[in-house]
K.L.:
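My questions all concern the structure below.
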Amino acid sequence: MLTLTSEVRIWAHRVPAAVKLALLAVTTTGLFAMSTPAPLAAALLATAALYATGGQRFALSGLRLLRPLWPFIGVVALWHLWTGDLTGGAAIVLRMVCAVAMANFVTMTTQLSDMLAVFQWLARPFQVFGMSPRGLALAVALTIRFIPVMLDRMTQISESWSARSPRRPRWRVLVPATLAALDDADRAAEALRARGGAG
Amino acid sequence: MSDQTSGIILSSASVRLGGTLVLDTISLHLTEARIGILGRNGSGKTTLLRVIAGLVAPVAGTVRIDGSDPFTERKAALSALGILFQNPDHQILFPTVDEELAFGLVQQGMAQPEAIARARTALEAEGRAHWIKSPVTALSQGQRHYLCLLAVLLMQPRTILLDEPLAGLDLPTQARLARRFAALPQRLVTITHDPASVARADRVIWLEGGKVAADGPPSQVIPAFTAAMARIGERDADADL
Amino acid sequence: MSDQTSGIILSSASVRLGGTLVLDTISLHLTEARIGILGRNGSGKTTLLRVIAGLVAPVAGTVRIDGSDPFTERKAALSALGILFQNPDHQILFPTVDEELAFGLVQQGMAQPEAIARARTALEAEGRAHWIKSPVTALSQGQRHYLCLLAVLLMQPRTILLDEPLAGLDLPTQARLARRFAALPQRLVTITHDPASVARADRVIWLEGGKVAADGPPSQVIPAFTAAMARIGERDADADL
Amino acid sequence: MERNLTHIALFAALIAVLGLVPKIDLAAGVPITAQSLGIMLCGTVLGARRGALAVLLFLALVAVGLPLLSGGRGGLGVFASPSVGYLIGFPVAAFVTGWLMERTTLSVGFAAGLSAVIGGIGVLYVFGIIGMSVMLSKTLPEAAFLGMAFLPGDLLKAVIAGLVTQSLARMRPASLLSRA
Ligand SMILES: Nc1ncnc2c1ncn2[C@@H]1O[C@H](COP(=O)(O)OP(=O)(O)OP(=O)(O)O)[C@@H](O)[C@H]1O
Ligand SMILES: Nc1ncnc2c1ncn2[C@@H]1O[C@H](COP(=O)(O)OP(=O)(O)OP(=O)(O)O)[C@@H](O)[C@H]1O
Ligand SMILES: O=C(O)CCCC[C@@H]1SC[C@@H]2NC(=O)N[C@@H]21
Ligand SMILES: [Mg+2]
Ligand SMILES: [Mg+2]
C-alpha cells in the first residue's frame, strides 16, 4: 500500500525514528508555548530550511501535504480581519502550519516498519490490558491486507445494487459490507489459528 | 426495433481497469438465445459482463442494448438485462427473502406492498411459499443462488447474464439449476471456464487476454478451446502459476 | 509411534454449530496417503476438516492426530497438519508475499529474519524469486492459491488438508496444481463435491448429512455416489433447492 | 483471542474504507467525513473494548503514515491540525457508544441509534470542540459554534448506524458482539 514516506531519500531517513519522534514532541510543545508571530515565523523559516535540505522534489511534495490546511488559513484570516486581532491570527496560522509541517517531515522521512517498531515499543504499557506487541503487529498487517479486499467487496455490492436499481446505493451498501467484514474476521481468525494463532 | 439495433452490440469497446487494458477493442453483435462466454481466469469474462450490463463504461467504443446505452440509460438497462453474479453473497442485499425479492420491483416503480405480494406469488408458483419470511442466512448456498435467480426473473429482463452460475454447487443442484435455466424463455449469456456447461449454446465466444480468440458454434469453438487448455496445462509455465 | 495411534483418528466425534448437529458421531481412522472426502453442499465436509485441524472442538467424542488432540495441543497440531482453505482470500493474512510465507515459520519458533530467508529460498527453488516483495493483491487467483500452498509446505506438516482445492480455477491451472499435489510426499486429505477429482485416491469417504454414508476404495464409493447424485438431480425436490 | 484480534483489524479496515467516501471541506479545517459513521459502527457492533481498540488501531495506522483519513490524509501532521480533538475523541466515542450498547436492553436499532448520538456525537463533540478551541485559539462557545456545522450530518449518521446495526442483528444475531 501507498504510504506517505517520501521516495526521495534524504539524510533524515537515517536518523532513528525514536529520535525524530522525541524531537518532534519537544519542538511541538515549544511551538504551543510561543504566542507572538515573530518567534513562530522564525520556527517556520527553520522548518522550511529543513525541507530545503532534502532538495526541490522533496520540498515540493512536502508543500503538497500542506494543501488541506488552506481553507483553515482562509477562515482564520477572515475571522481575525473581522475582529481586528491580526497578530493573534498570524500566530495561529504560523503555529499550525509549522507544527503540521514538522510532523509531516518526520512522516516523510521514516520507513513504515521503523515507525511501527516505535509504536510497538510505545504500546508496551498496554500489555496489562492483554494487548501484546506481537498482537499489534499482526493487527496492523491484517488491516493493511484487508483494506483492498474490503474495497473490492464494496464495489461488488454496489454493482449488485446497480444491477437492480437505477438509483445509487449510498449507505445501503453498509449492511452487506459490515456483514462481509464480520464474516472475513471470522475466517481470518480461523486461518490465523490454523497457522499457530495470535499467541 | 430493427434487426440492426436489437440485441447486444459492442463496437470496438475497450475497458481499462486500474491502468490495465482488460478488454481490448471488442466488437460483437449478440442476438442468439443461448450464448456462452469461455475463457481462462483473468481473461476478462466478468469485465465483459460488467460492460454489457452498464456497470462500467468503456474507455473507447460503444455498447448498445436494444439500441440504448446501458451505462447512461439505467432505467432502460434494468428492463433489458438481469445479472446473476457468481457469488450470491455479493448479490443479496437484504436480511429477508421477501425484501430481497421485492427490491427490484420497487426500483422499477412498483409500490412496496404490491411488490411483496408479487414476491409471494412467485415463491408460491415455485413451491417455496415457506421461504417468504425466512432470513436469507437460513438458506443453503444453492438455495441462495436460486433466490438470486428468482429476484432477477421477477424483474422480467429480456436477457439474463450468468457469471459462473454453477460454480461451487454440488451435482444435483447443478442439474436442477441447469434444467431451470434451460426452461427460461429469456436470452441467456453464460460465463464459464468449463466448456461442458456451454456445449449446448447457440454460440460460444472464447476470450483470451481481453480479446476474442474464437467465436462460433460450440461444435467449432469448444474443441479448439479444450485442446488449447490441455496444451497449456501440460506446460509448467512460471508466469501463469 | 504405534500403528494404533498414528494417523487421524476420530472416535464418535460430533460437532454442533449454532445449535444444529453438523457432524453426527463420526468414527474414522485415516492412515492412507491419499484420502478423498466427497459430499453434497452442506453435508459437513468443511466441518470435518475443521474438526480434524483442531479449529473447532467436538461436542462429543474425540479427535487425535498421531496421538495428540489438535484442538488443545496447537504446537503439535501445527507440525502435524497444514490446511489449504478453499478460497485463498480467506487464508492470506499478510499484505506481502514474504510476510505471508514467513508467518508460519515464525509461529513454529523461527526468528523473523531467518524465516524471511527461508521464504526466499523456497520461492527461488520454485522459480518465483521475483514474488518475494510483491503485494499479494498483485497475484492472480491461481497464483494466490499457489502461494497458500507454498506457505503450508514451508511449515512441513505431515498431512495436508485441501478444501475444494481446484474450485474456480481454469483448466490449465487445475492441471498444474493437480500435478503439484500428486508429487507431494505428504498425506493429502482432499475435500470435494466432484468425484472425478478423487478418482485416484486410496480411500474415499462419502459424507451425507453429517454422517459417513460410504467409506472404501474409489472404485466402490464413486459409482454409488455418482448414481445417487444423478438420482437426486433428476427429482425437483423443494427442500433442497 | 484470534477472533478479537481479527474483528478489531477488520473494523479498522472498515473505517479506512469509509475514508474513500468523498469528504466535504469546511472552512474550519475539519472536514465532514463518513469516517465518524465508522466510529459509531465500531461501538454499536463490536462493543466498548473491541470498538475502541479498532479505532485506536486505525489511528495508529494513520499516525505511522498511511493515508487513511478521508481525502487520503495521514501521518503525524494530522495530529497537529484542527481535527486533533476529534481524532483523540474517536476511541472514547467508540468506547462510550459500545458501553451504552452493551448495557441497554432497548431494541437493537433504537439502542444503537441512541448510543451513537450520545457517544458518537455528544462525547465526540466535547473532544472536538476543545480541540478546535485550542488549535484555532477560539473561545469554547466560538469553537462550539463552528462545530455545530457537523450536527445535521452526524445525526443522519447516527440514524444510519442504528439501521445498519438493526439489520445486522436480524441477519446474523450472533455476529453482534456488542450484544453477544
Ligand atoms: N479493478 C481492477 N484493477 C486492475 N485490474 C483489474 C481490476 N479488475 C480486474 N482486473 C484485471 O482484469 C483482468 C480480467 O478480470 P476479470 O475479472 O474480467 O476476469 P475473468 O475472466 O472474469 O476471470 P475469473 O475466471 O478468474 O473470474 C484480470 O487480469 C484482473 O486482474
Ligand atoms: N456457524 C454455523 N452455524 C450454524 N450452522 C452452520 C454453521 N456453519 C455451518 N453450518 C451448517 O453446517 C452444515 C455443514 O456445513 P459445511 O460447511 O461443513 O458443509 P460442506 O459440506 O463443506 O458444504 P459446501 O460443499 O457447500 O462447502 C451446513 O448445513 C451449514 O449450513
Ligand atoms: O479527517 C479528519 O481530519 C478527522 C475528522 C474529524 C471529523 C469530525 S468527526 C465528527 C464531525 N462530523 C464530521 O462529519 N466531521 C467531524
Ligand atoms: Mg470472473
Ligand atoms: Mg465446504
K.L.:
Looking at every heavy atom in both A:Thr143 and D:Ala13, which two are closest together, and how far apart are they?
P.N.:
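So the two residues come closest at CG2-N, 3.6 Å.
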K.L.:
For the interface with chain D, which of A:Arg95, A:Met96, A:Met154 has the highest count of heavy-atom pairs at distances below 4.5 Å?
P.N.:
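Option with the top pair count is A:Met96.
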K.L.:
At what distance, to the nearest 0.5 angstrom, does CD1 of A:Ile92 lie from CE of D:Met135?
P.N.:
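That separation rounds to 10.5 Å.
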K.L.:
Can you tell me how far CG of D:Leu176 sits from CG of A:Leu182, rounded to the nearest 0.5 angstrom?
P.N.:
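A:Leu182 atom CG to D:Leu176 atom CG measures 8.0 Å (nearest 0.5 Å).
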K.L.:
Heavy atoms only: give me the nearest A:Ala139-D:Leu5 pair and the separation to one decimal.
P.N.:
CB-CD1, 3.9 Å
K.L.:
Let me know if D:Leu18 has heavy atoms under 4.5 Å from chain A in its side chain, its backbone, both or neither.
P.N.:
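The side chain, not the backbone.
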K.L.:
Name the member of D:Val134, D:Leu163, D:Ile8 that forms the most heavy-atom pairs with chain A at distances under 4.5 Å.
P.N.:
D:Leu163
K.L.:
Which atom names give the shortest non-hydrogen contact between D:Phe11 and A:Ala181, and what distance separates them?
P.N.:
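Smallest interatomic distance, heavy atoms only, reads CE1-CB, 4.4 Å.
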K.L.:
For D:Phe145, is the CZ atom crowded, meaning more than 12 foreign heavy atoms sit under 6.0 Å from it?
P.N.:
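No, the 6.0 Å shell around CZ holds no more than 12 heavy atoms from other groups.
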K.L.:
Would you name the heavy atoms of A:Met150 and D:Leu14 that are closest together and state the gap between them?
P.N.:
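That would be SD-CA, 3.6 Å.
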K.L.:
Can you tell which of A:Leu174, A:Asp114, A:Val149, A:Thr28 has the highest number of heavy-atom pairs within less than 4.5 Å of chain D?
P.N.:
A:Leu174
K.L.:
Give, for atom OG of D:Ser167 and atom CZ of A:Arg172, the distance between the pair rounded to the nearest 0.5 Å.
P.N.:
6.5 Å
K.L.:
To the nearest 0.5 angstrom, please state how far the CG atom of D:Leu61 sits from the CZ atom of A:Phe119.
P.N.:
9.5 Å
K.L.:
How many angstroms lie between CG in D:Leu37 and CH2 in A:Trp171, if you round to the nearest 0.5 Å?
P.N.:
10.0 Å
K.L.:
Please identify, among D:Lys138, D:Glu142, D:Arg73, the residue contributing the most non-hydrogen atom pairs under 4.5 Å to chain A.
P.N.:
D:Lys138
K.L.:
What part of D:Ala12 gets closer than 4.5 Å to chain A, counting heavy atoms only: side chain, backbone, both or neither?
P.N.:
both
K.L.:
What part of A:Phe105 is in contact with chain D, defined as an atom under 4.5 angstrom from a non-hydrogen atom: side chain, backbone, both or neither?
P.N.:
neither
K.L.:
State, yes or no, whether a side-chain contact exists between A:Asp183 and D:Arg172 at a heavy-atom distance under 4.5 Å.
P.N.:
yes
K.L.:
Once rounded to the nearest 0.5 Å, what's the spacing between atom CZ of D:Arg3 and atom CG of A:Leu192?
P.N.:
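Result: 13.0 Å between the selected atoms.
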K.L.:
Do you know which of D:Gly77, D:Gly72, D:Gly75 has the most heavy-atom pairs with chain A at a distance under 4.5 angstrom?
P.N.:
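Heavy-atom pairs under 4.5 Å are most numerous for D:Gly77.
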K.L.:
Contact part of D:Val21 toward chain A, heavy-atom cut-off under 4.5 Å: side chain, backbone, both or neither?
P.N.:
neither
K.L.:
I'd like to know whether CH2 of A:Trp161 has more than 12 heavy-atom contacts from other residues, nucleotides or ligands below 6.0 angstrom.
P.N.:
yes
K.L.:
For chain D, which candidate among A:Leu78, A:Leu142, A:Val100, A:Leu21 shows the most heavy-atom pairs at distances under 4.5 Å?
P.N.:
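When all of A:Leu78, A:Leu142, A:Val100, A:Leu21 are compared, A:Val100 has the most.
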K.L.:
Return yes if some donor-acceptor pair links the side-chain N/O of A:Thr107 with the main-chain N/O of D:Leu76 below 3.5 Å, else return no.
P.N.:
yes
K.L.:
In this structure, are over 12 heavy atoms from other groups packed under 6.0 Å from D:Arg103 atom CZ?
P.N.:
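It does: D:Arg103 CZ has more than 12 such atoms within range.
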K.L.:
Under 4.5 Å from any heavy atom of chain A, what part of D:Val17 do you find: side chain, backbone, both or neither?
P.N.:
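Interface part for D:Val17: side chain.
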K.L.:
Using modelled atom types only, decide if a donor and an acceptor are shared between the side chain of D:Thr6 and the backbone of A:Ala185 within a distance under 3.5 Å.
P.N.:
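Yes; judged by distance alone, with no hydrogens or angles, the pair exists.
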